[in-house]
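Below is one structure, written out as structure tokens; the observations come after it.
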2 protein chains.
Amino acid sequence: MKPTVHDIAKIAGVSLATVDRVLNGRPGVRSVTRGRVEQAITSLGYVRDLAAANLAKSRTYSFVFILPANDNSFMIGLHEEVRGAVARSSSERTDIRIVDVPPFDAGALVVALETVLAEKPAGVAFVAIDAPEIRAAAERLRQAGIPMVTLVSDLPDSSRDHYAGIDNIAAGRTAGSLMGRFLSGPFLAERGATVAVLAGSMLVRDHRERLEGFSTVIDQAYPNVHILPVLEGRDDPALTETMIADALRRNADIAGIYSLGAGNRGLIRALHKVRVARRPLVIAHELTASTRAALADGVIDAVLNQDAGHEVRSAIRVLKAKADGLPVLAAQERIRIDIFLKDNLP
Amino acid sequence: MKPTVHDIAKIAGVSLATVDRVLNGRPGVRSVTRGRVEQAITSLGYVRDLAAANLAKSRTYSFVFILPANDNSFMIGLHEEVRGAVARSSSERTDIRIVDVPPFDAGALVVALETVLAEKPAGVAFVAIDAPEIRAAAERLRQAGIPMVTLVSDLPDSSRDHYAGIDNIAAGRTAGSLMGRFLSGPFLAERGATVAVLAGSMLVRDHRERLEGFSTVIDQAYPNVHILPVLEGRDDPALTETMIADALRRNADIAGIYSLGAGNRGLIRALHKVRVARRPLVIAHELTASTRAALADGVIDAVLNQDAGHEVRSAIRVLKAKADGLPVLAAQERIRIDIFLKDNLP
DNA sequence: CAAATTTTGATTTACGTACCTCAGATTTTC
DNA sequence: GAAAATCTGAGGTACGTAAATCAAAATTTG
């Protein structure tokens, strides 16, 4: 039988009230007595029954998710997953609130974090922007003892407790490796190949990191692949379409395209206008309705994906654990880079 | 505030005892009264608080995991993950027992299932063998109302409630697609290429399915790739090593190897003895210490993996849900095929 | 040494559900 | 219409923990 507080009281020769005071760090216990109780706790190997404790406290975990009001499919999907978690709230003892902020706006994110700080929730998840003022705001939240998880985009060297997202450098490396291997042959041969990179904005950390990983692998392992200057499409379909169309017109020898940002609809539209035989090899990020269709059609060759549902559920698990002072299962919380070819689409 | 049984009693104008009788399907309630109570339940949107209920019942979920006592790295890792779950038992209200059975032995598995049936656990997970007598045993478990999950290897068209493992046909297709794309170029050109397939045993369903997926893609999309007759290494390192060495000697033009079974140590040893310039392209399954090292060394080019930890945790979540008659989150429980290149090793 | 303060014990209620007993009411059966 | 069977209500205890109250004991302070 699992030991209970009653067993501790009996062994330590104190009352339930004293055990409770020790367990919950309440004042009014002499240090000798506290020692006896702690001794009993360790000797019995007592672990508090979280379910019973939460029941007694009639506790609900109040979490806040701060999400950019982006209109690309990935962010919309992320929103949906959070709403799904809200729907499951009652059976998971959580009370999740969504706060929308304008995208790529550090000032707005700071304001949101400050507002959240004021209401002292049990935890906060947010899509970080890599800026010093965000780090400062995060530090204030940490001082207030509010667990924090960054979602999708990280804030390294900050006070966040955890990052629920993929390793973007590794994602870029993977894309580079696939690009190099897929190109070796039909295009590359001895004469080399040209590759275009399409990003949303180089101001965003994830995009910079993906590019970094991609370039590293290409430079080291595929020296005769030449990377063109990065195209920044601001994740905007219309802009992206014209940029890609232009690029393909100017550089007739583009053999591959790595789209490391969101908003691939424009890219796909531009690709559909290219003669099949002359289509470049394309690697993109995020499995959405449009990239999935393009993958099935053969317009896109590979898609690297992060599962928004997993990220949201992981963030919630981690926030709960942090709120309870419990350890997290690192292996369970590692968000993986999914590689989809048209043959392993779920 | 979430409605409780007390609210139901008040609304329906009955006592707590009657509500309890309705909720738990106990006898002794006239159908008119039962109707009133059920009406109140739906109108309030009542959902039973599982944590409180389990506390009151002082319930623990007793699960049995039946695992083949295989000595390959993957199965050893699977064992370890289940042991990890056993270690977490106390805080998860589970009581997990591991039953070892000899591998590839349908008779022994039937005996194990029958023994398990006798002790009526709250759920069973097992690595299935695709045989009619196993289906019959599974049907008996279902009749007894014991939730069942197949692990790693499925038993389609049976009474199992869920399969916690990857889609092996899709895995084979993915391997075929990678093989075809990677080969197109340095080897393939116009003259075609020869590929060897190494399996454990064609009697095992997963291996058959992987081969099926692989062959389909190669035949359809890469007609000038020629697949040699399957080598069955029985997942035995020594045997595998000699088989691969022999095959490479006899067929000097082997451009690729697809190892779809476990026990890759022998394969790797054989590959290390081949001159670097003449090494074939290799795609293997399961990320273990040896395949990881081989991937880093460039001896293996890609590894398809299923995460044993995820499979075990998923099986437990599903068994719990089935035991409670709750729905499962399909998206959360889908086990993904991880593709590892040397650039995205975790 | 008395008064004030701190520490401790004993007891109680609560969380939401399960499950038990017993008495009283209602319905069914003969 | 009485006896038997069936339903229903009221009340309690339990699960393991939290948290509150109040009194008693021990300690410190003036």
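Letters go in sequence order (proteins before strands), and every chain restarts at 1. For clarity, every value in this text was computed on a predicted model and none was experimentally measured. Any value given below was found using the heavy atoms of this structure, including those in side chains, with hydrogens, waters and symmetry copies removed.
Between B/Asp167 and B/Ile337, the shortest heavy-atom contact is O-CD1, 3.8 Å. Considering every non-hydrogen atom in both A/Ala308 and A/Phe74, the closest pair reads CB-CE1, 4.2 Å.
We find that CD1 of B/Ile8 is positioned 8 Å from P of C/dT17, with the value rounded to whole Å. For the pair B/Arg59 CZ and C/dC19 P, the interatomic distance rounds to 10 Å; values are reported in whole Å. The distance from atom CG of A/Asp20 to atom P of C/dT7 is 16 Å, rounded to the nearest whole Å. Whole-Å rounding puts the B/Asp7 CG to C/dT17 C1' distance at 13 Å. Rounded to a whole Å, the CG atom of A/Asn54 is 10 Å from the C1' atom of D/dT17. Between A/Leu44 atom CG and D/dT17 atom P there is a gap of 12 Å when expressed in whole angstrom units. When rounded to the nearest whole Å, the span between CZ of A/Arg93 and C1' of D/dT17 equals 12 Å. What separates CG of B/Leu23 from P of C/dA18 is a distance of 7 Å, to the nearest Å.
Among the atoms of the strands shown, only primed sugar atoms or phosphate atoms (P, OP1, OP2) are found under 4.0 Å from some heavy atom of B/Asp49. Within 4.0 Å of A/Asn24, counting heavy atoms only, lie sugar-phosphate atoms of the nucleic acid but no base atom.
Within the cation-pi definition used here (under 6.0 Å to the ring centroid, within 45° of the axis), B/Arg59 qualifies as a partner of B/Tyr61.
For A/Arg21, the side-chain atoms get nearest to C/dT8 when compared with the rest of C/dG16, D/dA19, C/dT8. Side-chain atoms of B/Ala17 lie closest to D/dG11 of the nucleotides D/dA19, D/dG11, C/dG16. Of the candidates C/dG16, D/dA18, C/dT8, C/dT8 carries the atom nearest the A/Thr18 side chain, counting heavy atoms from C-beta on. For A/Lys57, taking side-chain heavy atoms from C-beta onward, the closest of the listed nucleotides D/dG9, C/dA18, D/dA19 is D/dA19. Checking C/dC19, D/dC15, D/dA20 against the side-chain heavy atoms of B/Leu55 singles out D/dC15 as nearest. Of the candidate nucleotides C/dT8, C/dC15, C/dC20, C/dT8 has the atom lying nearest to any side-chain atom of A/Thr33.
Neither OP1 nor OP2 of C/dC20 sits under 4.0 Å from any side-chain N or O of B/Arg26. The side chain of A/Ser15 contributes no N or O atom lying less than 4.0 Å from OP1 or OP2 of C/dA10. Regarding contacts with the backbone of C/dG16, every side-chain N or O of B/Thr4 stays at 4.0 angstrom or more from both OP1 and OP2. Contact annotation: B/Arg48 side-chain N/O to C/dA18 OP1/OP2 distance is under 4.0 Å.
Nearest-nucleotide mapping onto DNA chain D: of A/Val5 and B/Gly13, the residue sitting toward the 5' end is B/Gly13.
In summary, the side chains of B/Arg48 and B/Asn24 do present a donor paired with an acceptor at a separation below 3.5 Å, with no hydrogens or angles considered.
Summarising the local packing, NZ of B/Lys2 is surrounded by more than 12 heavy atoms from other residues, nucleotides or ligands at distances under 6.0 Å. Residue B/Gln39 qualifies as open at atom CD: its count of foreign heavy atoms under 6.0 Å is 12 or below.
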